[in-house]
Each structure stands twice: as structure tokens, then as C-alpha cells.
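Heavy atoms only: backbone and side chains are in, while hydrogens, waters and symmetry mates are out. Residue numbers count from 1 along this sequence.
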Amino acid sequence: MQLTERIKNCNGCGACEVACKYRCVKMEERDGQIRPLVNENGCNKCNACILFCPLYNPVELPDFEEFFESTEDVRKRKMAPIYRAAMRSAKEGRHTEFAGTLCQIAALKSLRGDKLSDNLILFPVYCDEEQRKSNPACAACRFYK
């Protein structure tokens, strides 16, 4: 069963791709939306993809006073290598900076066991109104208050 059938309003954050130890989840763009595609033949049904989904198992985000603008479309980035690099760097105790939308920050927090370390500095990027109107998942985003 595809993840998007189980997760209402999937926002395409990509936490499921990192969580899958069998590498059966790949994020792909379809109809202008980035969504997970699961190789059902390789899937072991461990449900790690669901367990680390910040929508299925919500995480609380810190209150951010300042949001940043990005010169690139942060929603179109391949997030799996970015999450892995940030988690590895933070785990090693290095000063680590992560810029992303609130759903991407929630995904990173979920992948880190719902914890954020002091050496992980977050730079929230606000999704623009056009993005939030054009994408049903963004319009229903639980992370923007």
C-alpha cells in the first residue's frame, strides 16, 4: 500500500525515504507535487516510513520568531542526503545549520527521535502563499499556526 494512501495530506517532506532501511521509498515529483513512491516488491512492511512521518506521529516544533527567504525552491530539494548530512554532523557534535520549511524541520526532528540538539541551528524558511494555495498538503499544514 502506498504511503500517500495511509498519510492524509502528505507534504512530501521525505522523512519516509530516510527512515526506510531497505531503500524502498523514493521521492518523486508527480503532478507538481513531491510524493513518496514505494517499491512494494522490496518493502519488508516494517512501517519505519510511517513511524518517522511527522504527520502520522506529530512532533512539536519550537516557536520561531524569524523566518528566512531562500534563493532556491527548498521544497524541490532532494532532502534525504540533506537530512543524513545534518543528522551525522549534529551527532558528531559539530555546529550544524539546517534551513528548511517547517515540514522539513519537523521531518528532521522526527528522524532524530523528536529531539533537537543545541548544536543544530535551524533556519525556518516560510512557504510562500502561492505554494500554500497550490498544494493541498501545504494548505492543510499543521506546522503553520
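Judged as a salt bridge (Lys or Arg N to Asp or Glu O under 4.0 Å), the pairs with a partner in residues 76-85 (not counting sequence neighbours) are, in order, Glu29-Lys76.
Counting all heavy atoms, side chain and backbone alike, Arg35 lies closest to Asn11 at NH1-C, 3.9 Å. Minimum heavy-atom separation, Gly100 to Ile105: O-CD1, 3.6 Å. The two atoms that bring Leu108 and Leu122 nearest to each other are CD2-CD2, 4.4 Å, heavy atoms only. Counting all heavy atoms, side chain and backbone alike, Thr96 lies closest to Ser89 at OG1-OG, 2.6 Å. Taking all atoms of both residues into account, the shortest heavy-atom contact from Met79 to Phe98 is CE-CZ, 3.8 Å.
No side-chain heavy atom of Cys53 sits under 4.5 Å from any side-chain heavy atom of Ser110.
Met87 and Leu61 fall within a single hydrophobic cluster, where Ile, Leu, Val, Met, Phe, Trp and Tyr are joined by side-chain heavy atoms under 4.5 Å apart, directly or via other members. Side-chain heavy atoms closer than 4.5 Å link hydrophobic residues (I, L, V, M, F, W, Y) into clusters, and following such links, possibly through other members, connects Leu111 to Leu55.
Under the side-chain contact (heavy atoms from CB on, under 4.5 Å) criterion, Glu69 pairs with no residue, sequence neighbours left out. By the side-chain contact (heavy atoms from CB on, under 4.5 Å) test, Ser117 pairs with Ala90, Arg112, Asn119, Leu120, sequence neighbours left out. In this structure Phe123 satisfies the side-chain contact (heavy atoms from CB on, under 4.5 Å) test together with Phe68, Glu97, Ala99, Ile121, sequence neighbours excluded. By the side-chain contact (heavy atoms from CB on, under 4.5 Å) test, Asp114 is found to be paired with Val59, Lys109, residues two or more places apart in sequence or in another chain being considered.
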Worksheet item: Passes side-chain contact (heavy atoms from CB on, under 4.5 Å), Leu102 versus Phe64? Steps please.
Response: CA-CA 10 Å; Leu102 292 182; Phe64 295 108; 3.7 Å; yes
Can you list, pair by pair, the side-chain donor-acceptor contacts under 3.5 Å of residues 13-27, counting residues two or more places apart and other chains?
| residue | atom | partner | partner atom | Å |
| --- | --- | --- | --- | --- |
| Tyr22 | OH | Asn44 | ND2 | 2.8 |

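Rounded to the nearest 0.5 Å, atoms CZ (Phe52) and CG (Asn47) are 11.5 Å apart.
One N or O on the side chain of Asn57 and one on the backbone of Leu51 form a donor-acceptor pair closer than 3.5 Å.
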